[in-house]
Number of protein chains: 2
Amino acid sequence: MYQRKTPEDLECGITIAMKVFGAKWKPCLLDAIQRGFRRPSEMHREIKGATPRVLDMQLRELEASGIVEKCQSTGFPLYTEYTLTDVGRSIMPVIDRMNEWGLGYKELLGEQSLQSISL
Amino acid sequence: MYQRKTPEDLECGITIAMKVFGAKWKPCLLDAIQRGFRRPSEMHREIKGATPRVLDMQLRELEASGIVEKCQSTGFPLYTEYTLTDVGRSIMPVIDRMNEWGLGYKELLGEQSLQSISL
DNA sequence: TCGGTTACCGAATCTTTTTTCGGTAATTGA
DNA sequence: TCAATTACCGAAAAAAGATTCGGTAACCGA
């Protein structure tokens, strides 16, 4: 059993936010849902950089955190829809600003130098 | 040599933002600098959840991305200061909103259930 | 019954990130 | 000379995160 050496700081809002939606694809998923891509298959098509598997997993985590809600119908073909909860909607201004900032930063640097920042 | 199968989407501002400051401690570091903790040793004391090593590393990455600037004096004791660049300052509204959101989410859930969200 | 669509999941593997540990260098004052 | 302070860095190990591959299940229509 692993005992973490450094304590988690759950007083810090940033730490909490990072825990809830600071994963590689979570902000993209939330953005996609807001833009109307509510079905898993739609998100898979929309978010090209990610494998379907990881999107499924992160969607499940967002559901566990109460950020999205899943509605499933039993018809054919299978139809599942994810929607933002109220809490989920309250993240969107943050995501939107991340997006704006990222685009501004790209403008500033040019795409080539962006690729060279190998973080 | 690893060849990634899925392309990176550098059109997406969110992806870029995540790349630049979406690491575990970068938002905390930027927040600390803004709150006046400019010296590495101060940040080490301030950000308790992180090891000094990882803070040093992420600070170096932020410097490489042009988000912070390093000023070093040669006196004794060694004195190093990191400050936000203009670009760095432009991230702060995003970070601030992450922090606000995280604190609000904590209120909503209570700290216990927060720990149980093992993401 | 078989192929196609949608929505998933498990397990192994690979990659990335973080941690741990143990250094170095500059400088001052005791 | 030696301890103490500050600011780092390298390398190995551990942990976390993402990817790949290959499944299952529900259901319809041909």
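Because the structure is predicted, anything quoted here is derived from the model rather than measured. Naming: A, B, ... by sequence-line order, numbering from 1 per chain.
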How close or far is atom [atom2] of [N] from atom [atom1] of [X], stated in whole angstroms?
X       : N      : atom1 : atom2 : value
A:Met57 : C:dC8  : CE    : P     : 14 Å
B:Asp56 : C:dC21 : CG    : C1'   : 14 Å
B:Leu62 : C:dT17 : CG    : P     : 13 Å
B:Leu59 : C:dT18 : CG    : C1'   : 16 Å
B:Leu55 : D:dT6  : CG    : P     : 16 Å
B:Trp25 : C:dT18 : CH2   : P     : 9 Å
B:Lys48 : C:dT19 : NZ    : P     : 16 Å
B:Lys19 : C:dT15 : NZ    : C1'   : 14 Å

- Could you check if a side-chain atom of A:Cys71 sits within less than 4.5 angstrom of a side-chain atom of A:Tyr79, using non-hydrogen atoms only?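 Sidechains of A:Tyr79 and A:Cys71: no contact.
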For [N] and [X] - does any side-chain N or O of the residue sit under 4.0 Å from the phosphate oxygens OP1/OP2?
X       : N      : value
B:Lys70 : D:dA7  : no
B:Thr51 : C:dT19 : yes
B:Gln72 : C:dA26 : no
A:Arg39 : C:dT6  : no
A:Arg60 : C:dA7  : no
A:Ser41 : C:dA7  : yes
B:Lys24 : D:dA16 : no
A:Gln58 : D:dA18 : yes

- Message: When you measure only distances, ignoring hydrogens and angles, does the side chain of A:Arg53 come within 3.5 Å of the base of D:dG22 through a donor and an acceptor?
- Response: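 Between D:dG22 and A:Arg53, which were checked side chain against base, a qualifying N/O pair under 3.5 Å is absent.
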- Item | Donor-acceptor under 3.5 Å (B:Glu46 side chain, B:Glu42 main chain) |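 No: the side chain of B:Glu46 does not pair with the backbone of B:Glu42.
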- Have a look at A:Phe21 and tell me which of A:Ile16, A:Leu29, A:Ile95 forms a side-chain contact (heavy atoms from CB on, under 4.5 Å) with it.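 It is A:Ile95; the other options fail the test.
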- For DNA chain D, which residues in residues 77-85 of chain A have a heavy atom at a distance below 4.0 Å?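 Listed by number, there are none.
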- Task: State which residues pass salt bridge (Lys or Arg N to Asp or Glu O under 4.0 Å) with B:Asp31; sequence neighbours excluded, sorted by chain then number.
- Result: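 Once residues adjacent in sequence are excluded, the partners of B:Asp31 under the salt bridge (Lys or Arg N to Asp or Glu O under 4.0 Å) criterion are B:Arg35.
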Please list, one pair per line, the donor and acceptor atoms closer than 3.5 Å that link side chains of residues 83-90 of chain B to other protein atoms, with sequence neighbours excluded.
unit_1: B:Thr85; atom_1: OG1; unit_2: B:Gly66; atom_2: O; d: 2.7
unit_1: B:Thr85; atom_1: OG1; unit_2: B:Ile67; atom_2: O; d: 3.1
unit_1: B:Thr85; atom_1: OG1; unit_2: B:Val87; atom_2: N; d: 3.4
unit_1: B:Thr85; atom_1: OG1; unit_2: B:Gly88; atom_2: N; d: 3.0
unit_1: B:Asp86; atom_1: OD1; unit_2: B:Arg89; atom_2: NH2; d: 2.7
unit_1: B:Arg89; atom_1: NH1; unit_2: B:Leu84; atom_2: O; d: 3.2
unit_1: B:Ser90; atom_1: OG; unit_2: A:Trp101; atom_2: NE1; d: 2.9
unit_1: B:Ser90; atom_1: OG; unit_2: B:Val87; atom_2: O; d: 2.5

Side-chain donor-acceptor pairs of residues 53-60 of chain A under 3.5 Å, sequence neighbours excluded:
unit_1: A:Asp56; atom_1: OD1; unit_2: A:His44; atom_2: NE2; d: 3.0
unit_1: A:Gln58; atom_1: OE1; unit_2: A:Trp25; atom_2: N; d: 3.0
unit_1: A:Gln58; atom_1: OE1; unit_2: A:Lys26; atom_2: N; d: 3.2

- Residues two or more places apart in sequence or in another chain: which of them pass side-chain contact (heavy atoms from CB on, under 4.5 Å) with A:Thr80?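 For A:Thr80 the side-chain contact (heavy atoms from CB on, under 4.5 Å) partners, ignoring immediate neighbours, are A:Pro40, A:Lys70, A:Gln72, A:Tyr82.
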